[in-house]
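Working notes for the structure below.
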Amino acid sequence: MTANEPGQDPIGTDNPTRDVRLSQLDARLKAATGAEQARSGTAPRKPDKGYRQGTRVLTELVAGPAGGALLGWFLDRLFGTAPWLLLVLLILGIAVAFRNIYRISQQRPE
């Protein structure tokens with residue numbers, strides 16, 4: 001070892017035992033995390049259908065009017081008809097959002 005080299009071994013392919021130890025440690029940590037989640041009942045699970053429906057409703061409420069307004073604004077700029085296409089497509093976006101929300105509400109959560 002020269003005076004310019006660090007006193008540690010380099011990380012990588014030169015030291016394969018380090019990779020093995022890290023992979024074993026990672027496996028033990030995953031096993032311990034899984035055991036703790038099972039013990040405490042906090043294991044990650046899929047959201048309930050009602051929660052997913054609520055998220056869909058929120059998405060419809062935001063995306064319908066926003067999409068209609070954005071498309072209306074762009075077409076108004078293109079054709080020079082401001083603010084008429086913006087208003088028409090905004091109202092159309094709201095109507096489509098409410099129709100989709102009604103359709104979502106007709107589905108039963110399990």
Side-chain angles (χ1 to χ4, degrees):
M1 187 164 69
T2 66
N4 295 341
E5 292 181 16
Q8 299 176 346
D9 291 332
I11 298 173
T13 58
D14 299 39
N15 192 357
T17 58
R18 175 168 266 170
D19 294 338
V20 171
R21 287 184 289 171
L22 286 177
S23 62
Q24 288 175 350
L25 178 62
D26 189 39
R28 289 190 354 230
L29 281 173
K30 285 182 182 177
T33 302
E36 178 62 23
Q37 287 177 345
R39 184 189 68 80
S40 65
T42 60
R45 59 185 176 97
K46 208 169 142 183
D48 297 324
K49 187 171 181 181
Y51 182 78
R52 288 191 311 251
Q53 281 182 338
T55 304
R56 283 182 60 200
V57 166
L58 179 63
T59 302
E60 291 291 340
L61 279 174
V62 171
L70 185 64
L71 186 61
W73 176 81
F74 176 73
L75 291 175
D76 272 340
R77 301 278 298 202
L78 186 66
F79 299 124
T81 58
W84 298 109
L85 286 176
L86 172 71
L87 293 174
V88 168
L89 290 178
L90 178 66
I91 292 170
L92 184 64
I94 291 170
V96 168
F98 284 153
R99 181 192 62 129
N100 288 341
I101 291 170
Y102 177 76
R103 290 174 64 203
I104 291 170
S105 70
Q106 296 304 310
Q107 298 172 356
R108 276 188 43 179
E110 295 174 2

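If you're wondering where the values come from, they're calculated on a predicted model, not measured in any experiment.
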Distance-minimising heavy-atom pair for Leu86 and Asp76
N-OD2, 2.9 Å

Minimum heavy-atom separation for Gly64 and Ala97, please, with both atom names.
CA-CB, 4.3 Å

Could you list the cluster mates of Val57? Members are the ILVMFWY residues connected by side-chain heavy atoms closer than 4.5 Å, either directly or through other members.
Leu61, Leu90, Ile94, Phe98, Ile101, Ile104

Roughly how far, to the nearest 0.5 Å, is the CH2 atom of Trp73 from the CG atom of Leu70?
7.5 Å

Heavy-atom count check: over 12 atoms from other residues, nucleotides or ligands less than 6.0 Å from Arg77 CZ?
no

Distance-minimising heavy-atom pair for Thr81 and Leu75
OG1-O, 4.5 Å

Just jot down the salt bridge (charged side-chain N to carboxylate O under 4.0 Å, His left out) partners of Arg39, sequence neighbours excluded, or say none.
Glu36

How long is the gap from CG on Leu87 to CH2 on Trp84, to the nearest 0.5 Å?
6.5 Å

Does any non-hydrogen side-chain atom of Thr55 lie less than 4.5 Å from one of Leu58?
no

Step through the shown structure and confirm whether more than 12 heavy atoms of other residues, nucleotides or ligands are within 6.0 Å of CZ on Arg56.
no

Indicate, with yes or no, if Phe74 and Leu89 share a hydrophobic cluster defined by side-chain heavy-atom contacts under 4.5 Å among Ile, Leu, Val, Met, Phe, Trp and Tyr.
yes

According to a 4.5 Å side-chain heavy-atom criterion applied to Ile, Leu, Val, Met, Phe, Trp and Tyr, with indirect links allowed, do Leu78 and Val88 form part of one hydrophobic cluster?
no

Show which residues join Leu25 in its hydrophobic cluster (side-chain heavy-atom contacts under 4.5 Å, direct or indirect), or state none.
Leu29

